[in-house]
Amino acid sequence: MQVQNLREAIATYRNSILRQPDEMKREASLSFFMEYLERYYFLICFAVYIHSERAALHSSSSNHTSFADWMKARPELYSIIRRNCFSKDRNQEGLLRRDPMRALGYASLKPSLKKIVESADGHPHEVGLVAALRNGEVLGSQTVLKSDHCPGCQNVSLPERVEGAPNFREVPAFPVYGVANPTIDGIRSVIRRIGSSKGGRPVFWHNMREEPVIYINGKPFVLREIERPYKNMLEYSGIDCERVERMEARLKEDILREAERYDGAIMVIHETDDGQIFDAWEHVNSDSLQTPLEVFKCLEDDGFPIKYARVPITDGKAPKSSDFDTLAAHIASASKDTAFVFNCQMGRGRTTTGAVIACLVKLRISYGRPIKVLLDEVKHEQPDGSSSSGEESESNATRLTSGTVEVRTRNEQGYAFGIDDILLLWKITRLFDNGVECREALDAIIDRCSALQNIRQAVLQYRKVFNQQHVEPRVRRVALNRGAEYLERYFRLIAFSAYLGSEAFDGFCGQGECMMTFKSWLHQRPEVQAMKWSIRLRPGRFFNVPEELRAPHESQHGDAVMEAIVKARNGSVLGKGSILKMYFFPGQITSSRIQIHGAPHVFKVNGYPVYSMATPTIIGAKEMLAYLGAKSNARAAGQKVVITDLREEAVVYIHGTPFVLRELNKPVDTLKHVGITGPVVENMEARLKEDILSEVRQSGGRMLLHREEYCPSSNQSSVVGYWENIFPEDVKTPAEVYAALKDEGYNIAYRRIPLTREREALASDVDEIQNCRDEPSACYLYVSHTGFGGVAYTMAIICCRLDAEVNFGTPSVTQTMVNGDPYSTPEESLPSWTSEEEARRMGDYRDILSLTRVLMHGPKSKADVDIIIERCAGAGHTRDDILHYSKELEEVPDDDDEHRAYLMDMGIKALRRYFFLITFRSYLYCKSPTETKFTSWMDARPELGHLCNNLRIDK
């Protein structure tokens, strides 16, 4: 057997990619190249692991760190390979895929020593030559040291100047300060400015920089690539404090070693006023060279009451949840008179975010929860004239506002698009018990910290650039990406504000016993994580101007009084701009076989005691349960009916009719909270009920409601408002409705398991659905918005479970199907002439066929699932959904990235549901659900997880 040299294989495929004219062959070579490159990369990482852990590995103890855990603790290592080869986002690709020619371009070769032209002092003239000869661990080949201070880094609009500390400013009324990366003298000047001295006011300095920095003769320099001297190196994304400080210590050693070669000097680069780069030699020794940690240690040794912390955050990115926790812990544990200083490179983005976090925590510690806006402050409006970078042209943001600042941009017809027109922010604000108050406090803090940058305004400015069609595509794409980053930053700050306003933070500030970190708090709220990922997946949908807002902004509801009432709402769920719209609408799907008054669409799965139903009225729910025989009487108990409510949006019953939360400007768009859990949505509904009752009390017993009406003359539907007299007993949540039905004698079990087709299918969802399995004679009723769509997936899950139970003793329902059914035919028996169209219709996608080969009883499981899918088709068809999105994807224009991302996302979610159904059926063949959970079974098979996380519908 011939042994392969990995490096030679990489070089061979690299040359093939660069020289191969045939695109398909080049793509094949690229795939092999990335596979071999990834192997080589992980071998290097493994060698470092062996070296660093050699003592623990040689000992007899079994407490050493595994390679997998060692890698997980170093996210910067994953970021390097992901940035170049792969991407976490399945719709994005690494640099090698996007631009292989640029990624594989030949790096500058090391010059021959004979060609080096030396100056009179023996130093090379060219910075490129010096960079090419570098061979340090950190200061390696093709790297340079660039001065951190450049012309123009000081913002001239700031009222105060501190020498050596550009962009220094104070947050009014808070002991919080921001600054760009200062010189050593600048650090001392900042300490003096904030009133500290030896033995005086304590200072807690937070360095937010992720990139390695070194002080040379008292001035900061940063490590850069010679080809990209103006850009931060992305290799350190995700690095932690300990490792970046170790890198800086090794960088110092590299500089000292190189300086020995050049008579105690090191070449650095600076930037001129017009942005040009020039090089210079700096004389260094061990005393004139310091890491940031050493700088602050010296200040502490000199008697200054200063603490220093490094909290690395990637430039332009939102802090991680663990970063929030680190900062919150530092601020909460500091003495009351401590001054907090934050710095990043320019003192703008990361510094402003750190200052906002510090002010929020201080507000919580000082005034308790929920965090609220101070009442004695004056409203401050921001000018709509700042640059697309989000940097403000005015610096007098000195008032903590009593309400949200409305930063709005106008479209051609004059409608002002504001931050609250981004639906995602509306949803997360109303998700939390104290969301409205906490967001008001956050916005006020943001305004106070906005001397250099207003985070909300940055979102809107980037959105404005993105929507300017005359701007070249590259600029619009950059604006979209940066706007999405700021939107995620603002989104995380809203969540953090709600966390601070909850009891979870009580223990950290001595106001209670509960001590839950922000990271753990978020982990318990998957709906928040789902919203965050929606920003990364399809940011364009949050920045496009909706069609209804492109028209002149006039009242479309016929009554200015009604519109004013809606805009004046201030409940925690029924907030500003919210309406309650009747669930029923014109054109809603109705049942063709089972007619139930008050339940628009009812469907039964043939051969199974499984039903679906659109959201009913209370009378409709009673009639449906009576149809199923659930009403008990004196002689016998009724038929047990297990009701599973799948809705992800907040619903409330008024006078027995269901109403749903909507936005005034988007009354027909659903407000689903994708990923929300049952208890959270039920909590929202309880708060919605309280908001309704509060408004009814204030308005003398009546309330403004909305319904959708069809106009035959215009052949269009419109949403109209109407007044309804309401008593407290007229308002019920779905949980209260079904609890009352149970009290009336209906033999039911009610569960809320939010699950729609917009949600990414998870193994835990399958367990939740199958855990609803009840006594053998029970019926299963699934309630969704329309009774059609994602409900078919949950019906298929319970059908698979019921089918498997039958299969233990007698032939299953699927096995008794007629042999001629095309969907009961295993993959191997398909005729060879099956067309690609027919293969896709039958679900024979490449990844699904791979799955059936990996699974025990794979083809049989797929055949069983296909029959069940056909039986559930009256409530939705999983395979047809996949086919629909895959066909639509083929028709999308190349330049429509937003629509392509949407179709890819929805198509993969549909394929993922199909994947889980087949996998679940295989699990039922292999295991008893009472002994092993499906989630545990999946976790024990990582190959299935890999397949599931890499599904594609375009192959």
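Just so you know, residue 1 is the first one in the sequence shown, and it goes up from there. What you see is a predicted model; the values in this text were computed from it and never measured. All values below were derived from every heavy atom in this structure, side-chain atoms included, with hydrogens, water molecules and symmetry-related copies excluded.
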Measure the shortest side-chain to side-chain distance between [X] and [Y] over non-hydrogen atoms and say whether it is less than 4.5 angstrom.
X    : Y    : result
N949 : R912 : yes
Y782 : I753 : no
D881 : R913 : yes
F916 : C948 : yes
H884 : M906 : no
V610 : L802 : yes
C800 : V865 : yes
Y608 : Y780 : no

With rounding to the nearest 0.5 Å, note down the distance linking [atom1] in [X] to [atom2] in [Y].
X    : Y    : atom1 : atom2 : result
I676 : R752 : CD1   : CZ    : 8.5 Å
M856 : S861 : CE    : OG    : 9.5 Å
L903 : E888 : CG    : CD    : 6.0 Å
R541 : I422 : CZ    : CD1   : 12.5 Å
I869 : Y914 : CD1   : OH    : 5.5 Å
R846 : D844 : CZ    : CG    : 14.0 Å

Determine the minimum heavy-atom distance between [X] and [Y], stating which atoms define it.
X    : Y    : value
T677 : E527 : N-OE1, 3.7 Å
A901 : R538 : CB-CG, 3.8 Å
S534 : L424 : OG-CD1, 3.9 Å
M938 : A763 : CG-CB, 4.2 Å
A484 : P539 : CB-CB, 3.6 Å
V471 : V465 : CG2-O, 4.3 Å

**Q.** side chain to side chain contact (heavy atoms under 4.5 Å, CB included) evaluation trace for D866 with R879
**A.** CA-CA 8 Å; D866 284 340; R879 287 199 320 273; 3.1 Å; yes

Holding to side chain to side chain donor-acceptor pair (under 3.5 Å), I want the full list of residues that pass it with [X], two or more places apart in sequence or in another chain.
X    : result
Y36  : Q4
S850 : R853
T935 : D767
T919 : none

Partner set under salt bridge (charged side-chain N to carboxylate O under 4.0 Å, His left out) for [X], not counting sequence neighbours:
X    : result
K317 : E485
D765 : R759
E943 : none
K887 : E837

Q: Run the numbers on R801 and L924 for side chain to side chain contact (heavy atoms under 4.5 Å, CB included), then give the verdict.
A: CA-CA 7 Å; R801 174 69 187 271; L924 292 171; 4.2 Å; yes

Expected output: side-chain [X] to main-chain [Y] donor-acceptor under 3.5 Å:
X    : Y    : value
R751 : T644 : no
N606 : R871 : no
R952 : M904 : no
S936 : T932 : no

For residues 473-480, tabulate all N or O donor-acceptor pairs below 3.5 Å that involve a side-chain atom, not counting sequence neighbours.
| residue | atom | partner | partner atom | Å |
| --- | --- | --- | --- | --- |
| R476 | NE | F466 | O | 2.6 |
| R476 | NH2 | F466 | O | 2.8 |

Sidechain N-carboxylate O distance under 4.0 Å for [X], [Y]:
X    : Y    : answer
E649 : R662 : yes
R840 : E890 : yes
D905 : K909 : yes

Q | CZ/R482: more than 12 non-hydrogen atoms of other groups inside 6.0 Å | A | no

Q | Candidate pair Y793 and I797, rule side chain to side chain contact (heavy atoms under 4.5 Å, CB included), full reasoning | A | CA-CA 6 Å; Y793 172 59; I797 291 172; 3.7 Å; yes

Q: Using the test side chain to side chain contact (heavy atoms under 4.5 Å, CB included), find all partners of E663 that sit at least two apart in sequence or belong to another chain.
A: L423, W426, K666

Q. Can you list the residues that meet the side chain to side chain contact (heavy atoms under 4.5 Å, CB included) rule with S784, with sequence neighbours excluded?
A. V791

Q) Is there a donor-acceptor contact under 3.5 Å linking the side chains of H523 and Q529? A) no

Q.
Test of understanding: with ring pair (Phe, Tyr, Trp, His ring centres under 6.0 Å), list the residues that count as partners of Y923, not counting sequence neighbours.
A. F920, F934, W937

(Q) Could you check whether R921 makes a cation-pi contact with Y925, meaning its NZ or CZ is under 6.0 Å from the centre of the six-membered ring and within 45° of the ring axis? (A) yes

Q.
Please determine whether side chain to side chain contact (heavy atoms under 4.5 Å, CB included) holds for the pair T615 and D645, giving the CA-CA distance in whole Å, both sets of side-chain angles, and the decisive distance to 0.1 Å.
A. CA-CA 9 Å; T615 300; D645 193 334; over 6 Å; no

